[in-house]
Amino acid sequence: MSAIACGSLLVSCSSDDDGGNSSTASVTPPNPSNFTGSAPSAIASAASSIIASASERASSAAASVEARASEFAASVSADTVRASATAEKELKDVQGSGNATSDVSMKGVPTAETGGLRAVLITITNNTDKKASYAVQVDFKNPDGKVVETKFVGKENLEPGKKATPIVISRQPAEPQLTAVLAKAQRY
C-alpha cells in the first residue's frame, strides 16, 4: 500500500511597488480534525443569511399583527363590557318592557357558526328623528319558562334611521334548550 503525504501549503506574494523587493509568507492550514460537516459555499452562506433575516422580519411582523389583534380584541371586549354595564344601569329602574321594544328585533345565530354557543343577533333601529341611545335586556329561559341567564347590550348615540347590531352570547350548556326573549328595551 502506498501512503500519500500532505505537505505544508506555501503562499508566495511578490510586489514590484516597493522597488523590486519581494516578500514570501508562509501560511499554516487549519487542522481538519477540528471541523465537522462541510464548509458552506459563499452562495449557501448568503442564502442562509437572507433566510434568517427574512425569518426575523416575518416573525417580527407576525408578533406585531398578534399584538395589534390582541389590542383590538381587548378594546372590543372593554367596549362590550362598558356597553353592557351602561345598558344594565339604564334598565335598572325601567318598569315593564320599556319604551323601545318596537325598535328592537332579535334573530338567532346558528350554533354551527358560533362554535356551539347560543347567540342572538340584536338589531336596534333608531326610528326617531334625533340621535338616541338604547339599552336592551335579553333573558334566556329554560323549557319551564324560568330565566337562567340575562344579558345586556346597548348602543349609545345612534343616529336617526341608523341600525346597530350587537350580539348576545349565552354561556349556558347546550342542554336543555333555551329560548332568548326580549325582556326590556329602553330609549334614553
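Remember, predicted model here, so these are calculated numbers, not experimental data.
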Check your understanding: Would you say the side-chain atoms of Arg118 pair up with the backbone N or O of Pro173, donor to acceptor, closer than 3.5 Å?
Key -> yes
Review point. Going hydrophobic residue to hydrophobic residue with side-chain gaps under 4.5 angstrom, can you get from Val153 over to Leu91?
Key: no
Exercise for review: Please report the closest heavy-atom contact between Leu178 and Asn142, naming both atoms and the distance.
Suggested key: CD2-CA, 3.5 Å
Review point. Tyr134, Met106: one ILVMFWY side-chain cluster at the under-4.5 Å cut-off?
Key: yes
Revision key, fill the gap. Heavy-atom nearest pair, Ala87 first then Val136, reads CB-N, 4.2 Å
Practice item. Can you tell me which residue pairs pass the salt bridge (Lys or Arg N to Asp or Glu O under 4.0 Å) test with a partner in residues 150-176, sequence neighbours excluded? Key: Arg82-Glu156, Lys131-Glu159, Glu149-Lys151
Check your understanding: Are Leu117 and Ile167 joined in one hydrophobic group, where the rule is that I, L, V, M, F, W and Y side chains link up if heavy atoms are under 4.5 Å apart?
Key -> yes
Check your understanding: Looking only at heavy atoms, what is the nearest atom pair of Ala119 and Ile169, with distance?
Key -> CB-CG1, 4.1 Å
Exercise for review: Take Gln186 and Gln137 through the side-chain contact (heavy atoms from CB on, under 4.5 Å) test and state the conclusion after the steps.
Suggested key: CA-CA 9 Å; Gln186 184 72 17; Gln137 176 182 330; over 6 Å; no
Check your understanding: Does one hydrophobic cluster hold both Ile122 and Phe152, with members joined at side-chain heavy-atom distances below 4.5 Å?
Key -> no
Check your understanding: Sub-3.5 Å donor-acceptor pair from the side chain of Ser170 to the main-chain atoms of Gln172, do we have one?
Key -> yes
Study note, to complete from the structure: All heavy atoms of Ala185 vs all of Val104, minimum pair found to be CB-CG2, 3.7 Å
**Study point:** Pair Asn99, Tyr188: side-chain N/O donor-acceptor within cut-off below 3.5 Å
**Key:** no
Exercise for review: May I have all residue pairs that pass salt bridge (Lys or Arg N to Asp or Glu O under 4.0 Å) and include part of residues 90-111, sequence neighbours excluded?
Suggested key: Asp103-Arg187
Practice item. Mark yes or no for whether Ser97, through its side chain, and Lys184, through its backbone, hold a donor-acceptor pair below 3.5 Å. Key: no
Review point. Does Leu121 share a hydrophobic cluster with Leu158, counting links as ILVMFWY side-chain heavy atoms below 4.5 Å and allowing steps through other members?
Key: no
Review point. Do you know which two heavy atoms are closest between Pro176 and Pro143, and how far apart they sit?
Key: CB-CD, 3.9 Å
